[in-house]
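Data block below; observations after.
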Amino acid sequence: MNSQSVNEQTSTASGSASEQLYPEMSSAPTAMPAVPSRDRNWLLAFLLIGLGLAMLFANVERGTFRGGEPIGAPFTAPLQGAQTAKVDIQWGSGLLRLGGLEQGDRLLAGAFQDPRRASLDVEHRGSAAIVSLHGRGSGWFPRLSAGRGDELLLSPVPVYELDIETGSGSTQLDLHSLKVSDLKLDAGSGSLDLRLPQAGPLAASVEAGSGSIAVDLAPQAEVQITVDHGSGSLSPGLRLKQVGGERGSEAVYQTPGYASTKEHMDIRIDAGSGSITIR
């Protein structure tokens with residue numbers, strides 16, 4: 001028998017043995033087919049879109065925030081006869097709410113979704129109080145946590161000086177029931193919803209980047225607003241009339257009774273590309 005016959009018999013025998021021992025492998029492919037690159041790109045795109053939508057809806061708050069009582073308030077501070085208060089807030093990402101308490105027996109009350117991410121210090125000096133709140137916010141997904149968000153509510157008794165700096169998250173300030181003489185607010189790139197006090201006198205400075213700004217005026221408030229903004233839109237509402245400057249650059253708006261009262265509010269808004277709505 002020549003070598004070719006031996007090889008043929010060996011090959012035949014080997015093939016027969018394989019078919020007998022592993023019959024299910026006789027027609028199985030030797031490797032998984034390659035996934036086309038376009039399919040991988042579509043899969044990656046869907047994953048990124050899903051992540052973006054999750055982050056968006058995690059930070060969207062439905063409805064309008066109004067002060068009152070925090071849900072499950074884990075901390076409070078006594079009023080101790082405070083007539084004035086300076087409040088300094090340095091906040092990172094996530095949603096921050098600030099409003100007024102219904103009762104004046106406490107200086108403040110609030111609730112944080114994650115107390116480890118924030119620090120609050122309160123100091124009393126006679127009839128004056130000093131409040132310092134520093135925090136990193138609630139992270140990317142604040143809506144996945146229990147409660148109403150990171151919230152600080154203040155007593156309606158003292159007159160406040162507020163200095164607030166926030167990052168990329170949403171900021172909701174309901175100052176309607178508070179007495180505020182001075183407000184400095186840097187909203188970063190996040191959105192801002194600001195409800196002003198019922199009456200002045202008030203000096204306010206608002207800075208914002210690309211986030212939207214919504215300002216609510218009390219019906220009886222007399223206000224002058226100076227607006228310097230970039231490419232974003234401006235809606236000054238029905239009560240404000242332009243009295244100076246140019247729209248889009250140092251435009252000045254006033255309510256009809258601004259000049260006839262000392263209890264007016266002077267507000268300056270410096271904004272970037274975000275929209276500005278005054279209601």
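Treat the numbers as computed from the prediction; the structure is a model and nothing was measured.
Here the side chains of H134 and D88 are in contact, with some heavy-atom distance below 4.5 Å. In this structure the side chain of Y160 reaches within 4.5 angstrom of the side chain of S155, judged on heavy atoms. Counting only heavy atoms from C-beta outward, the side chains of Q198 and Q220 approach each other to under 4.5 Å. L196 has its side chain out of reach of D216: every pair of non-hydrogen atoms, C-beta onward, lies at least 4.5 Å apart. Two residues are said to be in side-chain contact when any heavy atoms from C-beta on lie closer than 4.5 Å; D182 and D163 fail this criterion. Side-chain atoms of E161 and S181, non-hydrogen and from C-beta on, do get closer than 4.5 Å to each other. Contact check for D228 versus I269: no side-chain heavy atoms found under the 4.5 Å cut-off. L120 has its side chain within reach of V131: a pair of non-hydrogen atoms, C-beta onward, lies under 4.5 Å apart.
Going from atom CG of L153 over to atom CG of L108 covers 9.0 Å, rounded to the nearest 0.5 Å. Remark: L240 CG to S235 OG distance equals 10.0 Å, nearest 0.5 Å. The distance from atom NZ of K184 to atom CZ of R268, rounded to the nearest 0.5 Å, is 14.0 Å. Note: L98 CG to L175 CG = 6.5 Å, rounded to the nearest 0.5 Å. Atom-to-atom distance recorded for W91:CH2 and E165:CD is 13.5 Å, nearest 0.5 angstrom. R125 CZ to Q80 CD: the interatomic distance, rounded to the nearest 0.5 Å, is 14.0 Å.
Put simply, V252 and L202 are part of two different groups of oily side chains (I, L, V, M, F, W, Y) that touch within less than 4.5 Å, one to the next. Note on I89 and I130: separate hydrophobic clusters, where clusters join Ile, Leu, Val, Met, Phe, Trp and Tyr whose side-chain heavy atoms are under 4.5 Å apart, directly or indirectly.
Taking both residues in full, the closest heavy atoms of L178 and G99 are given as CD1-O, 4.0 Å, listed atom of the first, atom of the second, then distance. Pairing each heavy atom of A111 with each of F75, the nearest pair is N-CE2, 3.6 Å. Residues A129 and L107 approach most closely at CB-CD2, 3.8 Å, considering heavy atoms. A pairwise comparison of heavy atoms in L133 and A118 identifies CD1-CB, 4.5 Å as the closest pair.
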Candidate pair I267 and V223, rule side-chain contact (heavy atoms from CB on, under 4.5 Å), full reasoning: CA-CA 7 Å; I267 302 166; V223 181; 3.7 Å; yes

Evaluation steps, side chain to side chain donor-acceptor pair (under 3.5 Å), between S210 and S189: CA-CA 5 Å; S210 58; S189 59; 5.0 Å; no

Apply side-chain contact (heavy atoms from CB on, under 4.5 Å) to the pair I225 and Y258, showing each step before the final yes or no. CA-CA 11 Å; I225 300 181; Y258 169 82; over 6 Å; no

Show your working on side-chain contact (heavy atoms from CB on, under 4.5 Å) between T277 and I213 and close with a plain yes or no. CA-CA 6 Å; T277 303; I213 300 175; over 6 Å; no

Under the criterion side-chain contact (heavy atoms from CB on, under 4.5 Å), I'd like the reasoning laid out for L162 against V180: C-alpha separation, chi angles, the key distance, then a yes or no. CA-CA 7 Å; L162 302 178; V180 182; 4.2 Å; yes

Take T261 and E222 through the side chain to side chain donor-acceptor pair (under 3.5 Å) test and state the conclusion after the steps. CA-CA 8 Å; T261 179; E222 300 299 341; over 6 Å; no

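T166 and T171 form a side-chain donor-acceptor contact under 3.5 Å, judged by distance and modelled atom types alone. Side chains of S191 and S170: a donor on one and an acceptor on the other come within 3.5 Å.
Remark: side-chain polar atoms of H124 are paired, donor with acceptor, to backbone N or O of P78 under 3.5 angstrom. In terms of modelled atom types and a separation under 3.5 Å, the side chain of Q242 and the main chain of G245 share a donor-acceptor contact. Between the side chain of R239 and the backbone N or O of A221, at least one donor-acceptor pair lies under 3.5 Å.
When V206, L192, D186, L173 are each tested for a side chain to side chain contact (heavy atoms under 4.5 Å, CB included) with I164, only one passes: L173.
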